[in-house]
Structure formats: structure tokens, C-alpha cells
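Working notes, structure below.
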Amino acid sequence: MKLPTTDALAARARAALDRIGAAVPEGTGLAARSPITGEDLFGLRPSSPAETAAAIGAAAEAFTAWRTTPAPVRGNLVRVLGELLRAHQDDLAELITVEAGKIRSEALGEVQEMIDICEFAVGLSRQLYGRTIASERPGHRLAETWHPLGVVGVISAFNFPAAVWSWNTAVALVCGDAVVWKPSELTPLVAIGASHLLDRAIAEVDAPRDVHRLVLGGRDVGERLVDDPRVALVSATGSTRMGRAVGPRVAARFGRSLLELGGNNASVVAPSADLDLALRAVVFGAVGTAGQRCTTLRRLIIHRDVADEFVTRLANAYAGLPIGDPFDDRTLVGPLISGTATDAMAQALDKAVAEGGELVCGGERLAPTYVRPAIVRMPHQNGIVREETFAPILYVLTYDAFGEAVALHNDVPQGLSSSIFTRDQGEAERFLASDGSDCGIANVNIGTSGAEIGGAFGGEKETGGGRESGSDAWRAYMRRATNTVNYSGTLTLAQNVSFL
Ligand code: UN1
């Protein structure tokens, strides 16, 4: 496998950061690294406890000015950020490829998602609507007003190192909040680049400088955001294990949290499905981003009548997948994030086989961080199939009756994304109905991954329940006040209460 050298990758990263205009805070304590070679690029200085506390304090201070800035003016900041992202789409994508190992097209797609959410948020800045409600009393007006919430702590993961930040930040900023961002310690350079573009936008529109702050480091830095009472909302993306730690800690201080945790996404393939279309969608869903999206397809629930032929075709498609350097335009599968991730994949495959699975193809380690995506036919859905392994493993399960497919589909602890491939409208509707898919995302004739920003993104059960990005997800970033205004000149008590 021909891969770039670590020196070449470091030079690419430096050049991209240079074009963005960001300085690298070199030092020790945190390594910037590339999964393409699995080696360190250079050392960075993590944020100290005092710096992290100061960043939160500065953001809290900036919030007091930002919350009274008119929302459409706040939108202008996000508009400028969107323009800078457009101008530096290639540069940020370059950093995403170096640090997360995404192929070029998916790295550019991630930045596109950032541009899209900025445009969405600019429109939203004129649409933070409250309701007017019919009052039961004459001469009274009952209404609700949405106000900025405070400092939002964003804790993001390596797999969407910039887009998930932008979903939170673009929306939080128009909502009048300040943001402190703790990116994954695996992707600090992407964060430095993205954050610097926002700093530039802040300077250009003369917004309060500390309305956004970046803090770098590991779990301890994230914990400071989680425990600081000045952080009104903690929006955290990562594993269910992480969420289990974060949720109760934030709740203990009556803070709010918005959790985007693990997925165990499935597609149902019915016998009436357009199998050519389903095949392409399944391959992208299972193998895109080397199986490291929250929305990655992990379970294929396929009707017995079409299963054998479909799995054979799938295995053929897998055999032709170009794996290697994500900077090479022909590559479709880049590296996993680390050697630990490839180890986890190998262990999961061993377990699957021990539990009665039949390895159809894949699983070989081609280099320390490169694997061949795997397909495993499973006789049941116990054990390992119920877990999220962040790697390209597709478990195949078969069904006979539609009800069985839905039951299998829902019988996992996670509830992020789901889809059905069918030409039977009744089946499609049943999948989307209240007793159908129990996920936050349920699709028809399209895969589980690659959601557009316009919808609310998130899931149920162990996925954490949070919703980010489009639709009315903005409400999580604001506080609601219910207002009763009496203009009648007399005091009328509600519920016909008489007093005094
Ligand atoms: C994630 O994996 O954390 O729907 C986010 C998708 C992308 C976002 C994934 N738009 O696959």
C-alpha cells in the first residue's frame, strides 16, 4: 500500500493552517497525529485547568453582550463564517483528511455540511419564533418568548471533527449563546483551523471576541466543561459510555445536556426492493468513512428470499473496494482512526464467529490502521451484534415476515438511524409508523447515513435523545419564558379562583 510519509502529511497540515491563517500552538502534552500513517505529526500544548476555566469565564462575559445583540445581527456573524468556510473548503477538508483519514470527497462533504448549517442558521436568525396562545381571561395576552441560554460547551468526536461543532455553534450563536469547544484529542488541527475561521468572522463583524473559545486536551478538559455551573448546556457527541458519564454529572448541577451517542443502525431489505439501488446504498452506508460514522450501517436485515443473492453481490462489491491513501482520488476506504480501532474490529469479528457468525468476507488488516471491510452473516442478534463497534463490520440477519424484521430492527439498545428498502408502500409506511422503527431517523429507499442538515439529527434510547442541526433543534439552545400580560385593568384570577 503506497502511503504518504508522515513528514509530507505534517507539511500538508501546516500549509492548510497557513492558508487559513491559524497559528499552531506547538508544545508538548498533546500530539497531532494522522491515522494515514498512524504517526505523530507534531506536539501541541493542551489547555491547562486555569486556561479552561478562564475560557469559560470569558465566554460567560461575552454572553452578556451577545444575548442583547439582535438575532439577525448575530446571524450576520454566521453568514461571514459560512463565506469563510466556502473560501477555505479545500483547506479544512485537507486537515480533515490528514487528521481523521476521510477520503477527499467525504472531507469536502463534511465542510459542505458546515456551509449548509451556516446558511440554515442565518435564515433561522430571523425565525426564532415564539407562540401567542389564547388566554382564558379577557384582556390578557399569553405568549412565549425564547431567550438566549448562556454558555454552550461543545464536546465533539473525531469522526465528524468539524461538522458537528458547526451544527452546534452556528445555531447556538444565532440563538445568542457563547460557545466553548472541546474537540476530540484526536483531531486538534481541524479544530484549530475551524475555530480560527470563526475568530476571523468575529473580528470582521466586530462581535465580542470571546463569544467562541477553543480548549484543547483530553477527558479532563471535557470534565471541566461538564462540571462548570457557568456552562448552561453541554452538547456532547461520542460513545454511550461517555454519555453515561456526562449526562448524570450535568444533571446533578441542573445543567442541560444534549447527547448524541452510539448508533447500531440497520436497513431492512424487503423482497420487493430495487436491489441495485439498495446495493449501492448499503455499500456506502456500511463502508463510507470506513464504517466510522454514528450513522454507519451496521446491521442488514434482509428477507430470506433475496438474502443469498444480495450477500453474494455485496461481497463482490466489497472485493472491488479501493482501500488506501485517502488523498488518492480512487480510494473509497481510508484508514481507521487508530491501531486500537483496528484491534477492536478484529476482536468483534472473533466474537461474532464464536457466536456462530459466518465471515463472508473482509476483516484482514492491511496495515496498522487499514482493514478490509467485513460482512458477517449472523444466526441471531445476541452478543456482539447488539454493540456498536466503530469499524466497517456489517452483520447480516434474515427474516421471513415483515413484523419479524421490525422486531429485530428495534431489539438493540441504540436508536439513531434506520431505513427500509421496499417498493411496497404499506411496508414503507408501517416502518415509519409509531410501532415501526424506534429510531430518531427513519428512511425509505435511502441508507442510514448521510443525513441532510435541514432535519433534526439524533436518536432515542442509548443514543441519548438529543436533537441537533435543523428543524426546531434550535430550541435546545434557548430558554423559554411564558408571558401573561394583563391589559384589562382588572385583576382576574385563572381557574375562576376568587381571592380578596
Ligand atoms: C456523525 O457520525 O456523528 O448523517 C454525524 C450523516 C452525517 C453526520 C454524521 N450527515 O451521516
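Counting convention: from 1, in listed order, for ligands and their atoms alike. Positions are given from 1 along the sequence.
- Contact annotation for E452 and ligand 1: no heavy atom of the residue comes within less than 4.0 Å of the ligand.
- Side chains of T237 and S156: a donor-acceptor N/O pair is absent below 3.5 angstrom, by distance only.
- What sits closest to atom 4 (O) of ligand 1 on the protein, heavy atoms only, is A451 N, 2.7 Å.
- Residues N316 and R313 have side chains that never bring a donor and an acceptor to within less than 3.5 angstrom of each other.
- Taking a cut-off of under 4.0 Å to the non-hydrogen atoms of S449, the atoms of ligand 1 that pass are 11 (O).
- Side-chain polar atoms of N265 and T295 form no donor-acceptor pair below 3.5 angstrom.
- On a distance-only criterion, G450 and ligand 1 share at least one N/O pair closer than 3.5 Å.
- Contact annotation: for N159 versus ligand 1, heavy atoms closer than 4.0 Å belong to the side chain alone.
- An N or O contact shorter than 3.5 Å is missing between T237 and ligand 1 by distance.
- Scanning all protein heavy atoms for the shortest distance to atom 2 (O) of ligand 1 gives C294 N, 2.7 Å.
- A cation-pi arrangement is absent between R33 and F42 under the rule of less than 6.0 angstrom and at most 45 degrees off the ring axis.
- In terms of N/O distances under 3.5 Å, ligand 1 is approached by T295.
- T422 pairs in a side chain to side chain donor-acceptor pair (under 3.5 Å) with only one of the listed residues (E429, R430, H303, E427), which is E427.
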Stepwise salt bridge (Lys or Arg N to Asp or Glu O under 4.0 Å) check, R104 with E94: CA-CA 8 Å; R104 189 102 190 112; E94 183 100 344; 3.6 Å; yes
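- Checking only distances, V164 never comes within under 3.5 Å of ligand 1, N or O to N or O.
- Within ligand 1, counting atoms from 1 as listed, the ones closer than 4.0 Å to a heavy atom of E113 are 7 (C), 8 (C), 10 (N).
- Using modelled atom types and a 3.5 Å distance limit, the side chains of T342 and R365 yield a donor-acceptor pair.
- The shortest contact between atom 9 (C) of ligand 1 and any protein heavy atom is with F160 CE1, 3.5 Å.
- Within the structure, the ring-ring contact (aromatic ring centres under 6.0 Å, His included) test picks out the following pairs touching residues 434-470 (sequence neighbours left out): W167-F457.
- In this structure, atom 7 (C) of ligand 1 lies nearest to the protein heavy atom R293 NH1, 3.7 Å.
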